[in-house]
Amino acid sequence: GAVVSQHPSWVICKSGTSVKIECRSLDFQATTMFWYRQFPKQSLMLMATSNEGSKATYEQGVEKDKFLINHASLTLSTLTVTSAHPEDSSFYICSGPGQGYEQYFGPGTRLTVT
Amino acid sequence: GEDVEQSLFLSVREGDSSVINCTYTDSSSTYLYWYKQEPGAGLQLLTYIFSNMDMKQDQRLTVLLNKKDKHLSLRIADTQTGDSAIYFCAESIGFQKLVFGTGTRLLVSP
């Protein structure tokens with residue numbers, strides 16, 4: 001199957017700083033990518049849909065000014081957590097849809113805000 | 001809203017069969033999935049089923065879909081200790097975004 005990479009895989013940052021997470025589709029082009037968040041011992045929740053060439057679509061309750069999404073190209077989407085707080089500590093996973101049933105998930109980025 | 005429910009915990013002995021259940025709400029889902037997640041790791045797609053199918057078998061895995069009751073199950077035959085993990089069902093909504101279930105933690109004891 002196709003490969004999606006995320007960088008970094010783990011990041012620790014101080015409260016109040018911003019962190020950028022990259023999601024790359026290595027061998028396919030993605031006009032759409034999805035960003036999910038998973039709190040410890042909980043399920044994955046869709047945060048937003050990243051659209052190449054247009055604004056991201058955010059799910060209800062997700063602050064668009066706090067979680068900035070930029071779909072810079074057909075192979076790169078970035079999620080920037082601005083003014084991070086400890087409650088933003090989570091596992092962030094991106095995915096890119098393929099054909100039919102296919103969904104290609106990145107390995108995830110663990111964010112810890114101290 | 002979209003709620004996908006699973007039982008939280010299942011404990012079985014090695015060699016037994018495990019059955020993990022899931023109920024979903026969106027009858028228009030095209031695909032339903034089962035993912036496995038080991039501690040600290042990402043998601044591993046185990047299997048999927050198209051919404052017009054009732055059953056799908058893939059080696060030790062059997063998926064049953066009851067569309068009338070919006071019920072999905074995953075049966076793992078001959079469960080091994082390496083199968084211990086969290087299992088998520090998920091339904092596709094619209095253009096392939098997924099709604100995940102609450103997750104079932106499977107513990108396999110020797």
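Hydrogens, waters and symmetry mates play no part in the numbers below; they use all other heavy atoms, side chains included. Naming: A, B, ... by sequence-line order, numbering from 1 per chain.
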Looking only at heavy atoms, what is the nearest atom pair of [X] and [Y], with distance?
{"X": "A:S15", "Y": "A:H85", "result": "OG-CD2, 3.8 Å"}
{"X": "B:N21", "Y": "B:V19", "result": "OD1-CG1, 3.9 Å"}
{"X": "A:R37", "Y": "A:S90", "result": "CG-OG, 2.9 Å"}
{"X": "B:C22", "Y": "B:V4", "result": "SG-CG1, 3.4 Å"}

Is [X] close to chain B through its backbone or its side chain, or both, or neither, when contacts mean heavy atoms under 4.5 Å?
{"X": "A:Q6", "value": "neither"}
{"X": "A:L44", "value": "both"}
{"X": "A:Q42", "value": "backbone"}

(request) Sort by residue number and list every member of residues 33-47 of chain B having a non-hydrogen atom under 4.5 Å from chain A. (result)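 Hits under 4.5 Å: B:Y33, B:Y35, B:Q37, B:G40, B:A41, B:G42, B:L43, B:L45.
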
(request) Could you list which of residues 55-90 of chain B have a heavy atom closer than 4.5 Å to any heavy atom of chain A, in residue-number order? (result)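 Contacts with chain A: B:F88.
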
(message) A quick test of your reading: do over 12 heavy atoms of other residues, nucleotides or ligands sit less than 6.0 Å from NZ of A:K66?
(response)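 More than 12 within 6.0 Å, yes.
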
(message) Does either side chain, that of A:S77 or that of A:S50, offer a donor lying less than 3.5 Å from an acceptor on the other one?
(response)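 Short answer, yes.
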
(message) Just checking A:Y101 against B:F50, ring centres under 6.0 Å apart?
(response)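 Not under 6.0 Å, so no.
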
(message) Report which part of B:Y31 has an atom under 4.5 Å of a heavy atom belonging to chain A: side chain, backbone, both, or neither.
(response)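 Side chain of B:Y31 only, per the 4.5 Å heavy-atom cut-off to chain A.
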
(request) List, by chain and number, the other hydrophobic cluster members for A:I69, where Ile, Leu, Val, Met, Phe, Trp and Tyr join if side-chain heavy atoms come within less than 4.5 Å, directly or indirectly. (result)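 A:I69 shares its hydrophobic cluster with A:V11, A:V19, A:I21, A:W35, A:M47, A:Y58, A:V62, A:F67, A:L79, A:V81, A:Y92, A:L111, A:V113.
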
(request) Would you please name every residue forming a side-chain hydrogen bond (donor to acceptor under 3.5 Å, both in side chains) with A:S73, sequence neighbours left out? (result)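 side-chain hydrogen bond (donor to acceptor under 3.5 Å, both in side chains) check on A:S73 returns A:T75.
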
(request) Mark yes or no: A:R110 above the aromatic ring of A:F91, with NZ or CZ under 6.0 Å from the six-membered ring centre and no more than 45 degrees from the axis. (result)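 Geometry flag: set, cation within 6.0 Å and 45°.
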
(request) Show the numbers, then the answer: is there a side-chain hydrogen bond (donor to acceptor under 3.5 Å, both in side chains) between A:S95 and A:Q103? (result) CA-CA 7 Å; A:S95 76; A:Q103 284 277 343; 3.3 Å; yes

(message) As a quick check of understanding, evaluate side-chain hydrogen bond (donor to acceptor under 3.5 Å, both in side chains) for B:E5 and B:T23, giving each step before the final call.
(response) CA-CA 5 Å; B:E5 299 286 338; B:T23 56; over 6 Å; no

(message) Which one wins on heavy-atom pair count under 4.5 Å against chain B: A:G108, A:P107, A:S43?
(response)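 Most pairs with chain B among the choices: A:S43.
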
